A.B. asks: 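Before we start, here is the structure in question, set down as structure tokens.
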Amino acid sequence: MTKLLEWVFGVSVIGAAWALVTFDLLNLRLPEAYKEVAWPMPVYLLVVFGCYSLATVGYRVATFNDCEEASKELQDQIKEAKEDLRKKGLNM
């Protein structure tokens with residue numbers, strides 16, 4: 001099962017449970033308080049997902065590793081390319 005199908009399945013299960021509680025499709029005779037809590041639940045979940053995503057991106061940016069060796073190698077390659085272009089007659 002692909003990751004997309006896993007997410008679609010999970011969202012479908014949660015959506016079905018939400019619809020059952022909110023619209024009382026199975027005549028469960030749940031207290032009105034349950035319906036009042038369940039009605040705005042998709043908005044709450046969307047806000048929580050947004051906060052989690054923002055925190056994850058922020059953490060990954062804060063702990064991003066510097067690649068000193070790769071930076072040095074790239075600078076050397078740039079110098080080498082500039083020297084090669086100068087030998088071929090291109091002035092920078």
Side-chain angles (χ1 to χ4, degrees):
M1 182 181 284
T2 65
K3 202 64 168 171
L4 175 63
L5 289 178
E6 289 177 12
W7 277 96
V8 168
F9 178 73
V11 169
S12 298
V13 169
I14 291 172
W18 175 79
L20 288 173
V21 171
T22 301
F23 301 117
D24 200 18
L25 298 176
L26 297 179
N27 295 325
L28 298 174
R29 298 185 192 131
L30 296 172
E32 194 64 32
Y34 286 15
K35 293 179 186 177
E36 290 175 5
V37 169
W39 182 248
M41 194 59 66
V43 176
Y44 295 152
L45 291 176
L46 186 63
V47 169
V48 167
F49 177 73
C51 291
Y52 172 76
S53 298
L54 187 61
T56 301
V57 169
Y59 175 75
R60 300 271 169 94
V61 167
T63 60
F64 187 74
N65 293 333
D66 291 334
C67 301
E68 297 294 331
E69 301 86 28
S71 174
K72 177 71 172 143
E73 181 181 346
L74 183 59
Q75 293 296 328
D76 291 340
Q77 289 176 356
I78 291 171
K79 288 178 186 177
E80 182 181 320
K82 284 182 180 181
E83 289 174 10
D84 186 47
L85 289 173
R86 281 192 191 109
K87 288 178 185 177
K88 292 182 179 180
L90 182 67
N91 293 327
M92 292 187 188

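Not measured: the values here are computed from a predicted model.
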A.B. asks: Between Lys3 and Glu6, does at least one N-O distance fall below 4.0 Å, as a salt bridge requires?
C.D. replies: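 Yes, this pair counts.
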
A.B. asks: Taking a hydrophobic cluster as the set of Ile, Leu, Val, Met, Phe, Trp and Tyr residues connected by side-chain heavy atoms closer than 4.5 Å, whether directly or through intermediates, do Val11 and Leu45 fall within one such cluster?
C.D. replies: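 No, it is not one cluster - the side chains of Val11 and Leu45 are not joined through contacts under 4.5 Å.
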
A.B. asks: For Leu30 and Lys35, which heavy atoms make the closest approach, and how far apart are they?
C.D. replies: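 Looking at all heavy atoms of both residues, the closest pair is O-CE, 4.4 Å.
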
A.B. asks: Hydrophobic clusters here meaning ILVMFWY residues chained together by side-chain heavy-atom distances under 4.5 Å, can you tell me if Val13 and Leu4 are in one?
C.D. replies: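 No, Val13 and Leu4 fall in different hydrophobic clusters.
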
A.B. asks: Centre-to-centre under 6.0 Å for Trp18 and Phe23, is that the case here?
C.D. replies: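 They qualify: ring centres under 6.0 Å apart.
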
A.B. asks: Is there a path of hydrophobic side-chain contacts, each under 4.5 Å between heavy atoms of I/L/V/M/F/W/Y residues, joining Phe9 to Leu5?
C.D. replies: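 No.
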
A.B. asks: Under a 4.5 Å side-chain heavy-atom rule over Ile, Leu, Val, Met, Phe, Trp and Tyr, are Val21 and Ile14 clustered together?
C.D. replies: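 Yes, it is one cluster - the side chains of Val21 and Ile14 are joined through contacts under 4.5 Å.
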
A.B. asks: Between Asp24 and Leu28, which heavy-atom pair has the shortest distance, and what is it?
C.D. replies: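 Closest approach of Asp24 to Leu28, heavy atoms only: OD1-N, 3.0 Å.
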
A.B. asks: Drop me the distance from Asp84's CG to Gln77's CD, to the nearest 0.5 angstrom.
C.D. replies: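 Interatomic distance, Asp84 CG to Gln77 CD, rounded to 0.5 Å: 12.5 Å.
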
A.B. asks: Any side-chain heavy-atom pair from Ile78 and Lys82 closer than 4.5 angstrom?
C.D. replies: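 Side chain of Ile78 against side chain of Lys82, heavy atoms only: contact under 4.5 Å found.
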
A.B. asks: With distance as the sole test, does Ser53 use its side chain to make a donor-acceptor pair with the main-chain N or O of Phe49 at under 3.5 Å?
C.D. replies: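 Looks like yes, one N/O pair under 3.5 Å.
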
A.B. asks: Going by heavy atoms in the side chains, are Lys72 and Asp76 under 4.5 Å from each other?
C.D. replies: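 In contact.
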
A.B. asks: In the single-linkage hydrophobic clustering (I, L, V, M, F, W, Y; side-chain heavy atoms under 4.5 Å), do Trp39 and Leu26 co-cluster?
C.D. replies: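 They do share one cluster, since a chain of ILVMFWY contacts under 4.5 Å joins Trp39 to Leu26.
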
A.B. asks: Would you indicate whether the side-chain heavy atoms of Lys88 and Leu90 approach each other to under 4.5 Å?
C.D. replies: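 Not in contact.
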
